[in-house]
2 protein chains.
Amino acid sequence: MTIVDTAPATDRPDVELGILEEFLGFYLRLAYESAFDDFSRELGPDSLKPGNFALLSIIFENPGITQTVLARASGRDKSSVTAGLRQLEDKGLIERTRLEDDRRSYASRATPEGCVVYERIAAKARNHMRRLDRIVGAKRKALLMSTLKDIVDGLAEDGETPAGRP
Amino acid sequence: MTIVDTAPATDRPDVELGILEEFLGFYLRLAYESAFDDFSRELGPDSLKPGNFALLSIIFENPGITQTVLARASGRDKSSVTAGLRQLEDKGLIERTRLEDDRRSYASRATPEGCVVYERIAAKARNHMRRLDRIVGAKRKALLMSTLKDIVDGLAEDGETPAGRP
DNA sequence: TATTGTTATACTCTATAACTATA
DNA sequence: TATAGTTATAGAGTATAACAATA
(Lines give C-alpha, C1' and ligand atoms only; values in the text may rest on other atoms or scores of the structure.)
Protein backbone atom coordinates (compact mmCIF):
# COMPACT_ATOMS: atom_id res chain seq x y z
CA MET A 1 0.00 0.00 0.00
CA THR A 2 2.11 2.86 1.31
CA ILE A 3 0.66 5.84 -0.39
CA VAL A 4 3.12 8.64 -0.88
CA ASP A 5 1.12 11.44 -2.34
CA THR A 6 -2.07 11.23 -0.33
CA ALA A 7 -2.89 12.54 3.09
CA PRO A 8 -5.14 11.47 5.92
CA ALA A 9 -8.61 12.52 4.82
CA THR A 10 -9.05 13.20 8.47
CA ASP A 11 -7.25 16.46 8.39
CA ARG A 12 -8.37 18.42 5.38
CA PRO A 13 -10.82 21.10 6.37
CA ASP A 14 -10.55 22.53 2.87
CA VAL A 15 -12.29 19.51 1.37
CA GLU A 16 -15.92 18.95 2.25
CA LEU A 17 -16.63 15.28 2.86
CA GLY A 18 -20.42 15.60 3.12
CA ILE A 19 -22.18 12.42 4.07
CA LEU A 20 -18.81 10.68 4.15
CA GLU A 21 -17.97 12.74 7.18
CA GLU A 22 -20.21 10.59 9.35
CA PHE A 23 -19.80 7.47 7.28
CA LEU A 24 -18.32 4.93 9.61
CA GLY A 25 -17.25 2.54 6.85
CA PHE A 26 -15.06 5.20 5.32
CA TYR A 27 -13.06 5.69 8.49
CA LEU A 28 -13.12 2.01 9.25
CA ARG A 29 -11.39 1.49 5.93
CA LEU A 30 -8.82 4.21 6.53
CA ALA A 31 -8.07 2.97 10.03
CA TYR A 32 -7.84 -0.62 8.90
CA GLU A 33 -5.40 0.29 6.17
CA SER A 34 -3.30 2.39 8.51
CA ALA A 35 -3.09 -0.43 11.04
CA PHE A 36 -2.40 -2.98 8.33
CA ASP A 37 0.40 -0.88 6.84
CA ASP A 38 1.93 -0.18 10.21
CA PHE A 39 1.99 -3.85 11.11
CA SER A 40 3.36 -4.79 7.68
CA ARG A 41 6.17 -2.30 8.13
CA GLU A 42 6.88 -3.69 11.56
CA LEU A 43 7.02 -7.23 10.21
CA GLY A 44 9.32 -6.29 7.36
CA PRO A 45 9.21 -7.38 3.74
CA ASP A 46 10.34 -10.98 4.08
CA SER A 47 8.21 -11.90 7.02
CA LEU A 48 4.69 -13.26 7.13
CA LYS A 49 1.79 -11.34 5.73
CA PRO A 50 -0.65 -10.18 8.39
CA GLY A 51 -3.28 -12.63 7.20
CA ASN A 52 -0.94 -15.59 7.54
CA PHE A 53 0.19 -14.39 10.91
CA ALA A 54 -3.43 -14.61 12.01
CA LEU A 55 -3.59 -18.20 10.79
CA LEU A 56 -0.35 -19.16 12.49
CA SER A 57 -1.48 -17.48 15.66
CA ILE A 58 -4.74 -19.42 15.78
CA ILE A 59 -2.97 -22.68 14.99
CA PHE A 60 -0.39 -22.00 17.66
CA GLU A 61 -3.14 -21.46 20.21
CA ASN A 62 -5.25 -24.37 19.02
CA PRO A 63 -2.96 -27.24 18.05
CA GLY A 64 -4.72 -29.76 15.86
CA ILE A 65 -7.39 -27.35 14.64
CA THR A 66 -9.07 -28.34 11.38
CA GLN A 67 -9.31 -26.09 8.38
CA THR A 68 -13.03 -25.55 8.49
CA VAL A 69 -12.83 -24.37 12.06
CA LEU A 70 -9.82 -22.27 11.19
CA ALA A 71 -11.79 -20.64 8.39
CA ARG A 72 -14.58 -19.73 10.77
CA ALA A 73 -12.25 -18.37 13.41
CA SER A 74 -10.26 -16.25 10.98
CA GLY A 75 -13.26 -14.99 9.05
CA ARG A 76 -12.04 -16.42 5.74
CA ASP A 77 -13.38 -18.92 3.26
CA LYS A 78 -11.91 -22.40 3.48
CA SER A 79 -10.37 -22.00 0.03
CA SER A 80 -8.50 -18.95 1.23
CA VAL A 81 -7.33 -20.88 4.25
CA THR A 82 -6.02 -23.65 2.02
CA ALA A 83 -3.85 -21.14 0.18
CA GLY A 84 -2.54 -19.59 3.38
CA LEU A 85 -1.76 -22.93 4.97
CA ARG A 86 0.18 -24.01 1.92
CA GLN A 87 2.43 -20.98 2.29
CA LEU A 88 2.95 -21.65 5.99
CA GLU A 89 3.67 -25.28 5.21
CA ASP A 90 6.16 -24.37 2.48
CA LYS A 91 8.02 -22.25 4.99
CA GLY A 92 8.06 -25.18 7.38
CA LEU A 93 6.09 -23.33 10.02
CA ILE A 94 3.17 -25.70 10.28
CA GLU A 95 2.46 -29.31 9.50
CA ARG A 96 -0.77 -31.09 8.83
CA THR A 97 -1.75 -34.61 9.71
CA ARG A 98 -4.80 -36.51 8.69
CA LEU A 99 -7.29 -37.26 11.43
CA GLU A 100 -7.67 -40.97 12.07
CA ASP A 101 -11.29 -40.74 13.13
CA ASP A 102 -12.32 -38.57 10.20
CA ARG A 103 -10.03 -38.99 7.29
CA ARG A 104 -11.50 -36.02 5.44
CA SER A 105 -10.01 -33.63 7.98
CA TYR A 106 -6.51 -32.42 8.63
CA ALA A 107 -5.09 -31.27 11.94
CA SER A 108 -2.74 -28.31 11.71
CA ARG A 109 0.06 -27.75 14.18
CA ALA A 110 2.95 -25.33 14.44
CA THR A 111 6.33 -26.98 13.95
CA PRO A 112 9.12 -26.23 16.45
CA GLU A 113 10.45 -23.72 13.95
CA GLY A 114 6.95 -22.35 13.54
CA CYS A 115 6.76 -21.76 17.28
CA VAL A 116 10.02 -19.87 17.24
CA VAL A 117 8.95 -17.76 14.29
CA TYR A 118 5.59 -17.19 15.89
CA GLU A 119 7.14 -15.89 19.09
CA ARG A 120 9.42 -13.60 17.13
CA ILE A 121 6.55 -12.17 15.13
CA ALA A 122 4.34 -11.95 18.18
CA ALA A 123 6.98 -9.69 19.72
CA LYS A 124 6.75 -7.42 16.71
CA ALA A 125 2.99 -7.56 16.94
CA ARG A 126 3.31 -6.27 20.48
CA ASN A 127 5.38 -3.34 19.26
CA HIS A 128 2.67 -2.53 16.83
CA MET A 129 0.06 -2.82 19.54
CA ARG A 130 2.00 -0.59 21.89
CA ARG A 131 2.09 2.03 19.17
CA LEU A 132 -1.66 1.76 18.81
CA ASP A 133 -2.17 1.81 22.54
CA ARG A 134 -0.20 5.00 22.80
CA ILE A 135 -2.54 6.59 20.26
CA VAL A 136 -5.78 5.15 21.53
CA GLY A 137 -5.28 4.69 25.24
CA ALA A 138 -6.37 1.74 27.33
CA LYS A 139 -9.89 2.92 28.07
CA ARG A 140 -10.74 3.82 24.51
CA LYS A 141 -9.15 0.64 23.26
CA ALA A 142 -11.41 -1.57 25.32
CA LEU A 143 -14.41 0.36 24.16
CA LEU A 144 -13.20 0.29 20.57
CA MET A 145 -12.71 -3.46 20.61
CA SER A 146 -16.13 -4.20 22.01
CA THR A 147 -17.75 -1.77 19.58
CA LEU A 148 -16.02 -3.42 16.64
CA LYS A 149 -17.14 -6.83 17.80
CA ASP A 150 -20.69 -5.57 18.12
CA ILE A 151 -20.55 -4.26 14.57
CA VAL A 152 -19.32 -7.59 13.23
CA ASP A 153 -21.99 -9.54 15.06
CA GLY A 154 -24.73 -7.00 14.49
CA LEU A 155 -24.26 -6.75 10.75
CA ALA A 156 -23.76 -10.45 10.16
CA GLU A 157 -25.81 -11.83 7.30
CA ASP A 158 -28.16 -14.67 8.06
CA GLY A 159 -25.92 -16.97 6.06
CA GLU A 160 -22.99 -15.94 8.17
CA THR A 161 -24.60 -17.04 11.38
CA PRO A 162 -22.71 -20.01 12.74
CA ALA A 163 -24.38 -23.38 12.55
CA GLY A 164 -24.59 -23.83 16.28
CA ARG A 165 -26.31 -20.56 17.01
CA PRO A 166 -30.00 -19.68 17.16
CA MET B 1 -17.33 -11.24 -0.30
CA THR B 2 -20.38 -12.76 1.39
CA ILE B 3 -18.95 -15.71 3.20
CA VAL B 4 -21.46 -18.46 3.75
CA ASP B 5 -19.69 -21.00 5.86
CA THR B 6 -17.85 -18.82 8.30
CA ALA B 7 -18.99 -17.24 11.51
CA PRO B 8 -18.12 -14.08 13.37
CA ALA B 9 -14.81 -14.84 15.00
CA THR B 10 -16.20 -12.73 17.75
CA ASP B 11 -18.36 -15.41 19.15
CA ARG B 12 -16.40 -18.62 19.27
CA PRO B 13 -15.29 -19.35 22.79
CA ASP B 14 -14.20 -22.79 21.61
CA VAL B 15 -11.38 -21.33 19.53
CA GLU B 16 -8.55 -19.62 21.35
CA LEU B 17 -7.45 -16.48 19.50
CA GLY B 18 -4.40 -15.77 21.64
CA ILE B 19 -2.67 -12.54 20.79
CA LEU B 20 -5.25 -11.95 18.08
CA GLU B 21 -7.79 -11.47 20.81
CA GLU B 22 -6.42 -8.04 21.60
CA PHE B 23 -5.18 -7.34 18.11
CA LEU B 24 -7.02 -4.28 16.99
CA GLY B 25 -6.18 -4.68 13.31
CA PHE B 26 -7.90 -8.05 13.24
CA TYR B 27 -11.19 -6.63 14.43
CA LEU B 28 -10.74 -3.52 12.37
CA ARG B 29 -10.60 -5.77 9.35
CA LEU B 30 -13.63 -7.80 10.35
CA ALA B 31 -15.64 -4.69 11.15
CA TYR B 32 -14.60 -2.98 7.95
CA GLU B 33 -15.62 -5.98 5.89
CA SER B 34 -18.93 -6.28 7.67
CA ALA B 35 -19.71 -2.63 7.08
CA PHE B 36 -18.55 -2.83 3.48
CA ASP B 37 -20.70 -5.89 2.80
CA ASP B 38 -23.72 -4.39 4.48
CA PHE B 39 -23.46 -1.23 2.43
CA SER B 40 -22.87 -3.20 -0.77
CA ARG B 41 -26.00 -5.21 -0.10
CA GLU B 42 -27.94 -2.03 0.54
CA LEU B 43 -26.72 -0.51 -2.71
CA GLY B 44 -27.59 -3.60 -4.73
CA PRO B 45 -25.57 -5.30 -7.43
CA ASP B 46 -25.99 -2.77 -10.25
CA SER B 47 -25.33 0.31 -8.24
CA LEU B 48 -22.05 2.04 -7.49
CA LYS B 49 -19.28 0.34 -5.60
CA PRO B 50 -18.66 1.86 -2.18
CA GLY B 51 -15.35 3.32 -3.35
CA ASN B 52 -16.93 5.13 -6.26
CA PHE B 53 -19.71 6.36 -4.06
CA ALA B 54 -17.05 8.01 -1.92
CA LEU B 55 -15.61 9.73 -4.98
CA LEU B 56 -19.01 10.89 -6.19
CA SER B 57 -19.83 12.13 -2.73
CA ILE B 58 -16.70 14.23 -2.50
CA ILE B 59 -17.20 15.61 -6.00
CA PHE B 60 -20.79 16.44 -5.21
CA GLU B 61 -19.72 18.37 -2.15
CA ASN B 62 -16.75 20.01 -3.85
CA PRO B 63 -17.72 20.90 -7.41
CA GLY B 64 -14.67 21.52 -9.57
CA ILE B 65 -12.29 19.55 -7.39
CA THR B 66 -9.14 18.36 -9.11
CA GLN B 67 -7.99 14.76 -9.13
CA THR B 68 -4.93 15.23 -7.00
CA VAL B 69 -6.99 16.82 -4.26
CA LEU B 70 -9.60 14.12 -4.69
CA ALA B 71 -6.92 11.49 -4.24
CA ARG B 72 -5.80 13.07 -1.00
CA ALA B 73 -9.30 13.44 0.35
CA SER B 74 -10.31 9.89 -0.47
CA GLY B 75 -7.06 8.29 0.69
CA ARG B 76 -6.32 6.78 -2.71
CA ASP B 77 -3.52 7.10 -5.21
CA LYS B 78 -4.21 9.37 -8.18
CA SER B 79 -4.03 6.40 -10.53
CA SER B 80 -6.81 4.71 -8.59
CA VAL B 81 -8.83 7.89 -8.77
CA THR B 82 -8.38 8.01 -12.53
CA ALA B 83 -9.93 4.57 -12.85
CA GLY B 84 -12.82 5.41 -10.58
CA LEU B 85 -13.57 8.67 -12.37
CA ARG B 86 -13.62 6.94 -15.71
CA GLN B 87 -16.34 4.61 -14.46
CA LEU B 88 -18.35 7.50 -13.07
CA GLU B 89 -17.90 9.36 -16.35
CA ASP B 90 -18.96 6.34 -18.40
CA LYS B 91 -22.15 6.20 -16.39
CA GLY B 92 -22.72 9.87 -17.07
CA LEU B 93 -22.60 10.78 -13.40
CA ILE B 94 -19.73 13.24 -13.54
CA GLU B 95 -18.03 15.37 -16.15
CA ARG B 96 -14.57 16.81 -16.28
CA THR B 97 -13.44 20.08 -17.75
CA ARG B 98 -9.95 21.31 -18.22
CA LEU B 99 -8.88 24.21 -16.06
CA GLU B 100 -8.11 27.33 -18.11
CA ASP B 101 -5.49 28.64 -15.74
CA ASP B 102 -3.66 25.31 -15.43
CA ARG B 103 -4.29 23.12 -18.38
CA ARG B 104 -2.76 20.09 -16.69
CA SER B 105 -5.67 19.89 -14.27
CA TYR B 106 -9.25 18.77 -14.66
CA ALA B 107 -12.22 19.97 -12.65
CA SER B 108 -14.75 17.24 -11.81
CA ARG B 109 -18.42 17.97 -11.32
CA ALA B 110 -21.53 15.86 -10.84
CA THR B 111 -23.89 15.99 -13.81
CA PRO B 112 -27.61 16.59 -13.18
CA GLU B 113 -28.10 12.86 -13.48
CA GLY B 114 -25.16 12.34 -11.16
CA CYS B 115 -26.83 14.52 -8.56
CA VAL B 116 -30.02 12.51 -8.79
CA VAL B 117 -28.15 9.24 -8.51
CA TYR B 118 -26.10 10.61 -5.67
CA GLU B 119 -29.19 11.58 -3.70
CA ARG B 120 -30.70 8.17 -4.27
CA ILE B 121 -27.60 6.39 -3.10
CA ALA B 122 -27.17 8.77 -0.21
CA ALA B 123 -30.60 7.72 0.99
CA LYS B 124 -29.45 4.12 0.95
CA ALA B 125 -26.30 5.14 2.73
CA ARG B 126 -28.47 6.59 5.45
CA ASN B 127 -30.29 3.28 5.83
CA HIS B 128 -26.95 1.61 6.26
CA MET B 129 -25.89 4.20 8.80
CA ARG B 130 -29.12 3.85 10.74
CA ARG B 131 -28.46 0.13 10.97
CA LEU B 132 -25.00 0.85 12.30
CA ASP B 133 -26.30 3.48 14.69
CA ARG B 134 -28.75 0.99 16.10
CA ILE B 135 -25.87 -1.36 16.84
CA VAL B 136 -23.38 1.18 18.07
CA GLY B 137 -25.45 3.94 19.60
CA ALA B 138 -24.86 7.67 19.27
CA LYS B 139 -22.44 8.05 22.13
CA ARG B 140 -20.20 5.18 21.14
CA LYS B 141 -20.34 6.22 17.50
CA ALA B 142 -18.92 9.65 18.21
CA LEU B 143 -16.16 8.10 20.25
CA LEU B 144 -15.54 5.45 17.62
CA MET B 145 -15.22 7.99 14.84
CA SER B 146 -12.76 10.16 16.71
CA THR B 147 -10.75 7.13 17.76
CA LEU B 148 -10.54 5.92 14.17
CA LYS B 149 -9.40 9.33 13.00
CA ASP B 150 -6.75 9.38 15.68
CA ILE B 151 -5.50 6.01 14.51
CA VAL B 152 -5.28 7.17 10.92
CA ASP B 153 -3.41 10.32 11.84
CA GLY B 154 -1.30 8.71 14.52
CA LEU B 155 -0.04 5.87 12.36
CA ALA B 156 0.54 7.95 9.25
CA GLU B 157 3.92 7.37 7.64
CA ASP B 158 6.10 10.39 7.19
CA GLY B 159 5.56 10.16 3.47
CA GLU B 160 1.85 10.25 3.99
CA THR B 161 1.94 13.56 5.75
CA PRO B 162 0.26 16.16 3.56
CA ALA B 163 2.46 18.76 1.94
CA GLY B 164 0.98 21.64 3.85
CA ARG B 165 1.55 20.19 7.29
CA PRO B 166 4.52 20.42 9.65
C1' DT C 1 -26.47 -37.18 0.77
C1' DA C 2 -23.40 -34.16 3.38
C1' DT C 3 -18.88 -32.56 4.55
C1' DT C 4 -13.60 -31.71 4.26
C1' DG C 5 -10.37 -29.96 1.77
C1' DT C 6 -8.41 -28.84 -3.06
C1' DT C 7 -8.23 -26.77 -7.41
C1' DA C 8 -9.02 -23.66 -11.09
C1' DT C 9 -10.49 -19.44 -11.85
C1' DA C 10 -11.88 -14.83 -11.51
C1' DC C 11 -12.76 -10.56 -9.31
C1' DT C 12 -12.02 -6.26 -6.59
C1' DC C 13 -9.24 -2.95 -5.09
C1' DT C 14 -5.26 -0.80 -5.24
C1' DA C 15 -0.34 0.85 -6.02
C1' DT C 16 4.14 1.55 -8.82
C1' DA C 17 6.52 3.25 -12.53
C1' DA C 18 6.95 5.18 -16.78
C1' DC C 19 4.87 8.37 -19.69
C1' DT C 20 2.57 13.03 -21.81
C1' DA C 21 1.44 17.50 -21.56
C1' DT C 22 1.72 21.18 -19.44
C1' DA C 23 3.87 24.59 -16.07
C1' DT D 1 12.63 20.65 -13.34
C1' DA D 2 8.20 19.86 -11.27
C1' DT D 3 3.34 18.70 -11.42
C1' DA D 4 -1.44 16.76 -13.19
C1' DG D 5 -3.22 13.15 -15.03
C1' DT D 6 -2.90 8.61 -17.84
C1' DT D 7 -1.55 4.09 -18.89
C1' DA D 8 0.17 -0.46 -18.43
C1' DT D 9 1.01 -3.61 -15.29
C1' DA D 10 1.26 -6.22 -11.22
C1' DG D 11 0.13 -7.91 -6.85
C1' DA D 12 -2.39 -8.83 -2.63
C1' DG D 13 -6.24 -10.78 -0.89
C1' DT D 14 -10.15 -13.07 -1.43
C1' DA D 15 -14.38 -15.75 -3.04
C1' DT D 16 -17.17 -19.07 -6.09
C1' DA D 17 -17.96 -23.33 -8.06
C1' DA D 18 -16.92 -27.80 -9.29
C1' DC D 19 -14.54 -31.72 -7.64
C1' DA D 20 -12.48 -36.05 -5.11
C1' DA D 21 -12.32 -38.48 -1.04
C1' DT D 22 -14.60 -39.70 2.85
C1' DA D 23 -18.40 -39.95 6.05
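Here is the naming used below: chain letters follow the sequence lines, and residue numbers restart at 1 for every chain. This one's a predicted model, so the numbers in the text were calculated from it and none came from an experiment.
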Which donor-acceptor pairs under 3.5 Å do the side chains of residues 79-86 of chain B make with protein atoms, sequence neighbours left out?
unit_1: Ser79(B); atom_1: OG; unit_2: Asp77(B); atom_2: OD2; d: 2.7
unit_1: Thr82(B); atom_1: OG1; unit_2: Lys78(B); atom_2: O; d: 3.1

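Among residues at least two apart or in separate chains, salt bridge (Lys or Arg N to Asp or Glu O under 4.0 Å) pairs with a member in residues 128-137 of chain B are Asp38(B)-Arg131(B), Glu42(B)-Arg131(B), Asp133(B)-Lys141(B).
Listed by chain and residue number, Leu28(A), Ile151(A), Leu132(B), Leu144(B), Met145(B), Leu148(B) satisfy the side chain to side chain contact (heavy atoms under 4.5 Å, CB included) test with Leu24(A) (two or more places apart in sequence, or in another chain). For Asn52(A), the side chain to side chain donor-acceptor pair (under 3.5 Å) criterion is met by Gln87(A), not counting sequence neighbours. A search for ring pair (Phe, Tyr, Trp, His ring centres under 6.0 Å) contacts involving Phe60(A) returns Tyr118(A), not counting sequence neighbours.
Distance, Asp77(A) CG to dT6(C) C1': 12 Å, rounded to whole Å. In this structure, Arg86(B) places its CZ atom 16 Å from C1' of dT14(C), rounding to the nearest Å.
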Quick one: what's the B/S/- string for nucleotides 18-23 of chain C, heavy-atom cutoff under 4.0 Å, read 5' to 3'? ---BBS
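Regarding contacts with the backbone of dT6(D), a side-chain N or O of Arg96(B) is found under 4.0 angstrom from either OP1 or OP2. Considering only side-chain N and O atoms, Ser79(A) lies nowhere under 4.0 angstrom from the phosphate OP1 or OP2 of dA15(D). Not one side-chain nitrogen or oxygen of Ser80(B) sits closer than 4.0 Å to the OP1 or OP2 atom of dC13(C).
Between Tyr32(A) and Tyr32(B), the ring-plane angle classifies as parallel under the 30° and 60° cut-offs.
The Lys49(B) side chain lies nearest to dT12(C) when the options are dT14(C), dT12(C), dG13(D).
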